[in-house]
Structures are given as C-alpha cells and as structure tokens.
Amino acid sequence: TLNGNAGQQGTVLQVTPKLGGQAGSAYRTAPVTLSPNFSFNTFFQARIGADGVGGGPECCGDLMGADGMTFVLHKGSVNALGGAGGALGAVGGGAPLGAGLVVEFDTWHEGGFDHPSSSNTNGNHVAIGVLNGSGVESPQNSLAQTAPGALAQLQNGVVKNVWVDY
C-alpha cells in the first residue's frame, strides 16, 4: 500500500519526490505478528539523493535535501503516515503509526529529534527506536544510535545495501 507522496517508477519505489514538505510510506498489506519467538530478516537497497531542494551545505555540514527515511514495524494501519521533515514519516502526521519499532536513516540535524552535534559534525546517523504510539518521539526513545558525524553523508546519491534482522 502506497500513501502520501509515495509512488512507483518502473521497478523503483520512490517514497517522496524531489520537492519540499513531502512524506510518503509503503507497507506490506499482510500483517506480521511480532511474538516473543518471532524473527525475520529483510534486505533492500536505498538511495537518498544528493540533488535536493536548495543546494549547498546546511550549518552542520549536512547536504540540503530530504531529512532521511525510516524502516518501520508498527501496529497501525497500512494507511499510516507520519509527518514530513524531521518526523521522517514515522511520527506525528494525520495517520499515526501506533506502537512499533523504527530504524531511522537520518540525513539532517533535527535539533530536538537528534542527539546534539557540533557545527563541525554532520547530523547523519542511524538509530533504532521505539514508537510509543503517542506520535511524539525523541532521542530518549532510541535503543541505539550512531554518533552524529560518525557516518559519511547518507544522502550522497549512492545506493546503500540495508539488512534488517529481527
């Protein structure tokens, strides 16, 4: 199920087009029941483009463009869609996701959403967090997070291989 600004171009899922203020989601329609002994793994390729709106670096060395993306397991509807920008389509918005688990690929220093980074450090990081269903999340909900600036630019247009094992 595709929601918000998500669309398909050939064999490629485009979660959002190259425009400001966008949010999109794509969900498998068959539910997955997460139980204590349940496990799964998945692999996908992701490319976060470097030719975003505005051009040039932001104050923390982040490239202008989108804020990132998330991989989410949640108890909400297949029509769920969080807010745009720093919400990364996972929190806030008009169709809440409910409780769940999120893997965040963040490409932009978000202030209150992220752990602090200095003006010499980009905000790129990967975090694993808990969605508490309230629609409001913070770094305190993170189970694990790379330090801001520990990763190279995630939105450099290079295809990244992503494995999720649960």
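Remember, predicted model here, so these are calculated numbers, not experimental data.
Clustering ILVMFWY residues whenever any of their side-chain heavy atoms sit less than 4.5 angstrom apart, transitively, puts Leu101 in the very cluster that holds Val126. Note on Val164 and Leu154: same hydrophobic cluster, where clusters join Ile, Leu, Val, Met, Phe, Trp and Tyr whose side-chain heavy atoms are under 4.5 Å apart, directly or indirectly. Under the 4.5 Å side-chain contact rule for hydrophobic residues, Val78 and Leu81 do not share a cluster. The cluster map of Ile, Leu, Val, Met, Phe, Trp and Tyr, joined by side-chain heavy atoms under 4.5 Å apart, puts Val130 and Ile128 in the same cluster.
Heavy atoms from other residues, nucleotides or ligands lying under 6.0 Å from NZ of Lys75 number 12 at most.
A donor-acceptor pair is defined here as one N or O able to donate and one able to accept, closer than 3.5 Å; no such pair exists between the side chain of Gln155 and the backbone of Gly157. In this structure, His74 contributes its side chain and Leu97 its backbone to a donor-acceptor pair below 3.5 Å. When atom types are taken as modelled, the side chain of Thr107 and the backbone of Asp67 share a donor-acceptor pair closer than 3.5 angstrom.
Contact annotation: the side chain of Val102 never approaches that of Leu73 to less than 4.5 Å [non-hydrogen atoms, C-beta and beyond]. Between His125 and Glu104, some side-chain heavy-atom pair lies under the 4.5 Å cut-off.
Annotation for Val72 and Ala90: closest pair CG2-CB, 4.3 Å, computed over non-hydrogen atoms. Shortest non-hydrogen contact noted between Gly82 and Ala23 is O-CB, 3.9 Å. Of all heavy-atom pairs between Thr70 and Leu88, the closest is OG1-O, 3.2 Å. The two residues Gln22 and Ala84 have their closest heavy-atom pair at O-CB, 3.3 Å. Residues Asn156 and Lys160 approach most closely at OD1-NZ, 2.7 Å, considering heavy atoms.
To the nearest 0.5 Å, atoms CE (Met69) and CG (Asp106) are separated by 12.0 Å.
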Exercise answer: donor-acceptor pairs, residues 38-46 side-chain atoms, under 3.5 Å, sequence neighbours excluded:
unit_1 : atom_1 : unit_2 : atom_2 : d
Gln45  : NE2    : Asn161 : OD1    : 2.8

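Inspection of the Ser25 and Asn3 side chains reveals an N or O donor paired with an N or O acceptor under 3.5 Å.
Considering only residues two or more places apart in sequence or on other chains, Phe105 meets the ring-ring contact (aromatic ring centres under 6.0 Å, His included) condition with none of them. Residues satisfying the side-chain contact (heavy atoms from CB on, under 4.5 Å) test with Ser77, not counting sequence neighbours, are Asn79.
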**OP:** Test side chain to side chain contact (heavy atoms under 4.5 Å, CB included) on Val91 and Leu131 and set out the steps.
**Re:** CA-CA 8 Å; Val91 296; Leu131 296 173; 3.8 Å; yes
